[in-house]
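The structure under discussion appears below in the form of structure tokens.
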Amino acid sequence: MQTLTKRAIAGTLLSTTFLVTGLSSALIAQEATMVLPAREVGAPSYDPIRGTKLNVATTLIYDRMVLQDADQSYHGQLATAWETSEDGMTWTFTLRPDVTFHDGEPFNAETIAWWVPQFEGTENAFMTEAIESVEIVDDLTVRFIMKNPDPNLLSNMASSFMGVPSPKAYEELGDQYGVTGAIGTGPFILESYTVGQDTVLVRNEAYSAASALSVNQGPPHLARLTFREIGDDSTAFLEMRTGGVDMLLSVPADFRSMLDNESDVTMVTLPGRELFYMPINTTVAPFDDIRVREATALAVNQAEIVDNLYGGLGAAADTFLNDSLLESNVDDALRISYNPERAQALLDEAGWVVGTNGVRAKDGQALNVKLWTQNGTEFRRITEVIQAQLIAVGINADITVLDPSSINAEYRKGTEHQLAVRSYSWENADILDWFFSSDRIGYPNVSMWDDEPAEEMRILAMTGSRTWDERVANFTAYHEYVLTQFVFAPIYQPVQSFAYSSTTLSVPEQIRSTRVQSQTFLDIDVK
Amino acid sequence: MALRFLWGVVHTPRGGASAFVLMLVIACALFAPLIAPYGYALQNLPGSNTSPNALHWLGTDEFGRDLLSRIIHGARTSLTVAVTAISISVVVGMTFGAIAGYFGGMFDRVVTAVVDLTWSFPEILIALILIAIIGTGTESIIIAISIAYLAQFTRLTRAQVMALRQETYIEATVNLGAGHFHVIFRHLLPNAITPVIVAGMLAIGDAIILEATLGFFGLGAQPPIPSWGAMMSSGTAQIFIAPWIILFPGAAIALTVISINLFGDALIDALNIRSRLRDV
């Protein structure tokens with residue numbers, strides 16, 4: 001009897017152990033931890049309407065009207081169909097039925113009619129600027145009445161900034177929306193969020209708004225997803241190598257070859273969408289002289305940076321736009337490429353004479369300039385190389401390292417900045433409007449560029465294009481003009497690399513977006 | 001007399017070895033442009049992350065810059081910052097401490113309260129707060145470090161002066177009609193200075209570490225000026241590719257600070273002032 005009882009207890013304990021172990025491993029197996037790209041570290045909120053810096057988790061909390069494939073074609077998400085009138089003055093969208101927000105509120109035509117006007121007065125107003133009004137045709141159909149034709153409307157609708165938030169939550173939380181709460185219709189629900197540290201998302205069990213770009217049409221396979229913000233490249237690499245994280249959404253250049261050699265890590269390289277550049281403040285001396293601006297831009301040896309800092313991966317940037325955009329196809333004579341002889345000649349012509357210490361001077365004033373950069377290995381490296389390249393033509397640049405938000409705060413304060421090494425990631429030529437519009441002088445128009453012909457060309461490109469081809473032509477002309485003014489020095493276009501643990505995760509072979517976003521996350525599974 | 005005393009300290013095994021290393025570091029700091037085989041800012045990108053070899057004894061960094069040259073120039077940054085900051089601390093701290101200890105009263109209470117308050121925070125925290133206010137750069141960290149260590153010297157001097165003030169020869173000087181200035185600067189401070197100077201020397205070691213820590217966070221000397229802390233910081237990103245970038249500046253910091261501490265210890269023993277320092 002005693003033996004039987006002992007056996008029974010032992011059996012119960014054993015089966016309980018197996019059950020608990022099995023359950024917990026099943027739960028653990030549905031979790032994944034990922035590291036955000038360094039460029040996305042420090043996003044201060046998940047408010048897609050008012051935010052100017054968002055990270056990839058935004059695309060998982062919110063759905064968008066349409067999504068863009070890697071080939072730049074558009075596919076419906078919250079919109080299932082759309083059409084535009086021949087004159088481009090109306091757009092009609094059919095909305096997906098039976099979609100609800102994470103707070104249980106319904107998504108319908110009224111949501112869109114509320115959502116579009118919210119952009120007015122925000123930094124992102126340009127996204128919906130061309131829309132005059134939104135008409136509700138029926139519960140699941142809306143019509144945009146346009147102020148002017150906008151061939152770029154679908155591209156805007158596919159942007160992370162066009163995630164649709166719950167009107168109820170947005171109104172209730174006010175200025176705190178995106179900070180204390182973020183409610184969308186997306187495949188994941190925001191559980192917790194600490195700026196600069198991590199974001200934890202949990203599966204939206206009711207999710208059914210997957211686009212055709214995902215194989216999985218139901219809720220995500222992953223039950224819990226943690227995005228960690230790690231600014232230091234070597235720490236991120238170590239975390240990946242020691243199994244602390246399952247995926248690096250961006251692999252630092254230094255560690256590509258080392259991760260490539262890891263048998264349990266798979267690395268994927270995609271065409272780059274980012275561009276490193278050096279904005280030049282055109283309103284302060286010596287950069288109010290176009291010859292000094294041109295000399296500065298021509299002193300940057302882009303090929304040296306690509307070859308030596310990135311081992312030849314990526315490409316030299318010689319325009320202000322990514323090579324993948326049609327508007328980057330400018331006249332070759334306007335491309336900004338390394339030309340130290342011309343840089344020296346321009347500085348001579350501008351009256352800056354080389355001194356005994358190699359630094360140029362004019363009227364007893366040395367050519368000392370301020371060069372800002374943000375903390376992080378990649379930025380620091382590029383900046384130090386550019387500092388050496390500038391001194392080679394007689395420009396002495398004093399580096400100041402700031403964190404990214406401090407740089408933007410300094411721009412907004414109107415500090416007399418001069419040069420900075422920065423990067424942007426954007427897949428549309430309207431980034432030129434963002435950077436050079438006279439309405440945005442200070443930030444993001446950090447070049448403080450205010451020029452009448454440029455404004456006319458910008459407005460024509462933004463609002464005067466009826467077709468996509470016309471828009472490309474107008475933006476190309478605008479791009480060519482700003483290139484001649486040397487408001488930026490283009491530097492480098494990196495490739496995108498991400499790495500994941502092939503023992504814990506299965507990731508679709510084909511990435512159906514221009515970067516890893518919600519459509520891919522829906523298909524990511526655990527092994 | 002002083003030279004004979006120093007000669008005695010240097011002739012102890014501990015004092016001799018540490019003095020040798022310190023002389024080497026000081027020589028590097030003073031004659032860096034003459035000693036360093038390459039310019040500290042001279043980049044050679046194709047030769048980046050080269051391991052130690054005949055051309056570059058300590059290898060090169062991520063920009064192909066000679067590590068030995070940068071460490072030699074880095075000695076200049078570290079010692080300049082540490083010695084200047086601690087000198088300011090010693091001079092200002094002694095002045096405040098002497099006046100507070102001699103006169104007592106309200107001034108003494110205020111100084112003691114401020115010193116006690118400052119004393120309750122670690123130096124790194126005080127330095128970080130100050131740098132957040134005044135900004136980054138070499139001058140800023142000199143100011144930050146000097147303020148961070150001010151309490152130590154004020155407290156030490158005050159205690160020495162308060163003890164010395166009771167001495168008969170001070171009473172006699174006062175009774176003979178000497179003024180306060182004369183008593184403080186001719187009689188009290190010269191007799192209180194020895195433990196302060198030794199404490200100052202030991203603090204230089206701490207200040208080198210503090211400077212390296214601030215440099216590691218990118219708050220000190222800005223690129224391309226080398227600082228041992230900033231060199232270690234850039235080495236962290238390369239630790240798996242080029243470990244020498246972090247190892248050699250780290251070794252330079254360790255060796256210098258250990259030498260300062262050993263030399264300070266030898267001095268304390270030779271001067272027999274350990275109890276006076278411990279009392280504070």
Side-chain angles (χ1 to χ4, degrees), chain A residues 38 231-238 240-242 252-259 261-262 301 303-312 357-358 370-392 396-403 406 410 415 421, chain B residues 33 38-50 60-67 69-70 73 77 128 131-141 214-227 229-243 245-247:
Chain A
D232 179 58
D233 292 344
S234 52
T235 310
F237 165 75
L238 262 185
M240 183 75 211
R241 201 176 190 188
T242 55
D254 277 346
F255 300 112
R256 281 188 189 127
S257 58
M258 296 173 80
L259 280 175
N261 294 332
E262 298 279 325
N301 186 346
E304 187 179 48
I305 290 170
V306 179
D307 293 342
N308 296 293
L309 295 190
Y310 294 95
N357 57 355
K370 289 179 270 186
L371 174 58
W372 289 357
T373 191
Q374 65 186 61
N375 41 23
T377 310
E378 198 168 14
F379 280 94
R380 191 181 47 75
R381 269 192 203 156
I382 293 179
T383 309
E384 284 200 48
V385 171
I386 286 177
Q387 183 186 44
Q389 291 173 349
L390 290 179
I391 196 70
N396 178 47
D398 292 323
I399 294 176
T400 304
V401 184
L402 299 159
D403 64 87
S406 298
E410 290 291 325
T415 317
V421 172
Chain B
Y38 301 89
Y40 67 80
L42 188 66
Q43 295 187 358
N44 172 29
L45 291 176
S48 60
N49 297 330
T50 310
T60 64
D61 69 3
E62 59 198 316
F63 303 105
R65 297 179 298 204
D66 181 60
L67 211 56
S69 305
R70 287 184 64 76
H73 279 276
T77 309
L128 284 172
I131 283 173
I133 297 166
I134 58 180
T136 58
T138 309
E139 292 81 11
S140 299
I141 60 167
L214 296 171
F216 190 89
F217 293 132
L219 303 172
Q222 295 297 304
I225 298 167
S227 112
M231 288 167 74
M232 286 187 73
S233 174
S234 67
T236 53
Q238 312 283 104
I239 195 162
F240 302 105
I241 304 161
I245 299 176
I246 195 167
L247 283 178

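Quick note on labels: first sequence line is chain A, next is B, and so on, each numbered from 1. All values reported here derive from a predicted model rather than from experimental measurement.
For a residue to count as touching a neighbouring chain, one of its non-hydrogen atoms must lie under 4.5 Å from one of that chain's; by this rule Ser234(B) touches chain A with backbone and side chain alike. Using a 4.5 Å cut-off between heavy atoms, Leu238(A) contacts chain B through its side chain alone, with no backbone atom that close.
In this structure, Glu384(A) contributes its side chain and Pro223(B) its backbone to no donor-acceptor pair below 3.5 Å.
Among residues two or more places apart in sequence or in another chain, the side chain to side chain contact (heavy atoms under 4.5 Å, CB included) test is passed with Glu410(A) by Trp372(A), Lys413(A), Thr415(A). Under the side-chain hydrogen bond (donor to acceptor under 3.5 Å, both in side chains) criterion, Gln222(B) pairs with no residue at all, not counting sequence neighbours.
Taken from CZ in Arg381(A) to CG in Leu45(B), the straight-line distance is 10.5 Å, to the nearest 0.5 Å. Atom CD of Gln43(B) and atom CD of Gln387(A) lie 8.0 Å apart (nearest 0.5 Å).
Contacts with chain B were tallied for Ile305(A), Ile399(A), Val401(A), Thr383(A); Ile399(A) has the most, counting heavy-atom pairs under 4.5 Å.
Annotation: side chain of Glu62(B) is in contact with side chain of Arg380(A) (closest heavy-atom distance under 4.5 Å).
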